[in-house]
Protein chains: 2
Amino acid sequence: MSATTPETPTKLQLLELLAAIGTAQWRDFAAAAAHHGLTSTQAKVLAQLNGPLPMRALATLLVCDASNVTGIIDRLEGRGLVRREPDASDRRVKNVVATDEGREIIRRVREEMQATHGALDTLGAEDSATLYALLARLRPGMEKDA
Amino acid sequence: MSATTPETPTKLQLLELLAAIGTAQWRDFAAAAAHHGLTSTQAKVLAQLNGPLPMRALATLLVCDASNVTGIIDRLEGRGLVRREPDASDRRVKNVVATDEGREIIRRVREEMQATHGALDTLGAEDSATLYALLARLRPGMEKDA
DNA sequence: TCAGGATCCTTGACATTATCAATTGTTTAC
DNA sequence: GTAAACAATTGATAATGTCAAGGATCCTGA
């Protein structure tokens with residue numbers, strides 16, 4: 001019964017570890033975003049914008065009120081990092097799209113997450129593949145009710 | 001060359017997956033915190049308070065200005081979830097400690113992270129152990145410069 | 001020792017992010 | 001075609017964030 005490396009970790013232990021990793025990653029992300037004059041929230045929004053997203057969808061992703069998103073997008077749009085586009089099939093909806101500049105700045109933020117990069121570099125190809133496979137199995141369940 | 005399950009994932013792919021897991025976990029956490037009348041920030045602070053922590057240390061962990069922490073702790077203290085204690089060896093320092101009620105409420109928040117719990121439940125004992133070991137190796141590098 | 005610099009926390013002014021209630025325009029269901 | 005439902009915005013207000021400045025305490029070195 002080793003206290004340091006349990007053969008079968010408690011769900012609570014695994015949860016705690018996963019939370020710690022998530023927290024550390026967030027610190028890394030927030031610090032990198034600040035270097036580029038972005039607030040954490042602005043960076044988080046840019047990170048979500050792989051494709052066009054309705055305001056409402058953003059609110060759901062950010063776990064916040066829809067009215068909040070209006071102001072956030074206003075500011076990002078004012079800095080030219082984001083654009084509002086009308087939706088083709090529903091005129092109520094406005095789709096948010098990252099501009100080239102927006103995509104570029106978030107790319108640089110991700111590049112600068114040194115702690116995260118450094119940590120991942122300690123994993124060999126095989127371990128990386130194992131971790132990737134496990135996390136990929138976790139992902140759908142985690143995103144279920146979003 | 002399978003596009004869905006790469007044998008050796010790119011570092012970028014692994015990074016992206018890790019970020020997605022972290023984001024989903026945060027959503028789960030924020031939603032559970034709201035159920036208990038806590039803002040995300042308040043819950044995040046409570047989650048950090050395993051032991052006494054100086055205000056300054058909290059600011060570092062939250063990646064924010066020290067002055068910000070004053071107000072956050074003021075409100076948590078007003079609700080009886082947290083206490084300020086003088087430091088024994090340095091009278092400038094105030095250590096923040098979670099009260100019994102504070103510990104209880106954050107325990108319940110963690111309990112209610114259903115998406116995360118559900119996702120972890122899909123892993124068998126062996127996979128859990130593997131994931132735990134891999135994440136444990138990642139952790140020190142991620143927390144290095146905090 | 002004690003003067004200067006550094007550190008910890010707080011305050012005050014202000015920008016950003018969050019909530020809620022109400023409004024407008026549009027869609028959907030009946 | 002009307003009523004209910006939904007998307008986004010506005011306005012009011014609270015919470016969170018930054019920065020500059022200040023008081024208290026610690027530390028270092030002449």
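Below, each value reflects all heavy atoms present in this structure, side chains not excepted, and no hydrogens, waters or symmetry copies. Bear in mind the structure is a predicted one, so any value in this text is a computation, not a measurement. Chain letters run A, B, ... following the sequence lines, proteins first and then strands; every chain starts at 1.
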What's the shortest heavy-atom distance between Thr99(B) and Gly80(B), and which atoms? OG1-O, 2.7 Å
Heavy atoms under 4.0 Å, any strand shown: does Val96(B) hit a base, just sugar-phosphate, or nothing? nothing
So, for Cys64(B) and Val69(B), which heavy atoms are closest and what is the spacing to 0.1 Å? SG-CG2, 4.0 Å
Go through dT10(C), dA15(D), dT17(C) for me and flag the one nearest to the Asn68(A) side chain. dT17(C)
Given atom CG of Leu76(B) and atom C1' of dT16(D), what is their separation to the nearest angstrom? 12 Å
dT16(D), OP1 or OP2 - any side-chain N/O from Lys44(B) closer than 4.0 Å? no
Work out which heavy atom in Met142(A) is nearest to a heavy atom in Ile21(B); give both atom names and the distance. CE-O, 3.6 Å
Identify whether any heavy atom of Val45(B) sits under 4.0 Å from a base atom; if not, whether one sits that close to sugar-phosphate; answer base, sugar-phosphate or nothing. nothing
Toward the 5' end of DNA chain D, which comes first, Ala66(B) or Val69(A), by nearest nucleotide? Val69(A)
Can you name the residues that form a side chain to side chain donor-acceptor pair (under 3.5 Å) with Ser67(B), not counting sequence neighbours? Asp65(B)
Met55(B) CE - dG23(D) P separation (whole Å): 19 Å
Rounded off to whole Å, could you give me the CG-to-C1' distance for the Leu58(B) and dT10(C) pair? 15 Å
Atom-pair distance (CD1 on Ile72(B); C1' on dT10(C)), nearest Å: 14 Å
For Arg84(B), what residues pass the side chain to side chain donor-acceptor pair (under 3.5 Å) criterion, not counting sequence neighbours? Asp74(B), Glu77(B)
Are any of the side-chain nitrogens in Asp87(B) or Arg92(B) under 4.0 Å away from the carboxylate oxygens of its partner? no
Compare every heavy atom of Gln48(A) with every heavy atom of Thr23(B), then report the nearest pair and how far apart it is. CG2-NE2, 3.4 Å
In whole Å, what is the span from the CG atom of Asp74(B) to the C1' atom of dC9(C)? 11 Å
Residue Arg75(B), side-chain atoms from C-beta onward, closest of dT16(D), dT17(C), dT9(D): dT16(D)
Roughly how many Å is it from CG in Leu38(A) to P in dT16(C), rounded to a whole number? 12 Å
note: Leu61(B), atom CG; dC8(C), atom C1'; distance rounded to Å ~ 16 Å
Under 3.5 Å, which N/O atoms of the protein pair with N/O atoms of nucleotides 20-22 of chain D?
none

Without swapping roles, check the side chain of Thr39(A) against the backbone of Gln42(A) for a donor-acceptor pair under 3.5 Å. yes
Under the side-chain hydrogen bond (donor to acceptor under 3.5 Å, both in side chains) test against Arg108(A), which residue among Glu104(A), Glu112(A), Glu111(A) passes? Glu104(A)
Can you tell me which nucleotide in dT19(C), dT16(D), dT10(D) comes closest to the side chain of Thr70(A)? dT10(D)
Between Tyr132(A) and Leu17(B) the two heavy atoms that sit nearest each other are O-CD2, 3.4 Å
Which nucleotides of nucleotides 22-30 of chain C have their base under 4.0 Å from a protein heavy atom (B), which only their sugar-phosphate (S), and which neither (-), written as one string 5' to 3'? ---BBS---
Are there more than 12 heavy atoms of other residues, nucleotides or ligands under 6.0 Å from atom CZ of Arg56(B)? no
Which pairs, with at least one residue in residues 11-30 of chain B and sequence neighbours excluded, count as a ring pair (Phe, Tyr, Trp, His ring centres under 6.0 Å)? Trp26(B)-Phe29(B)
Whole angstrom value for the distance that separates P of dC26(D) from NZ of Lys94(B): 13 Å
Each nucleotide N or O in nucleotides 3-5 of chain C that has a protein N or O under 3.5 Å away: list the pair and distance.
none

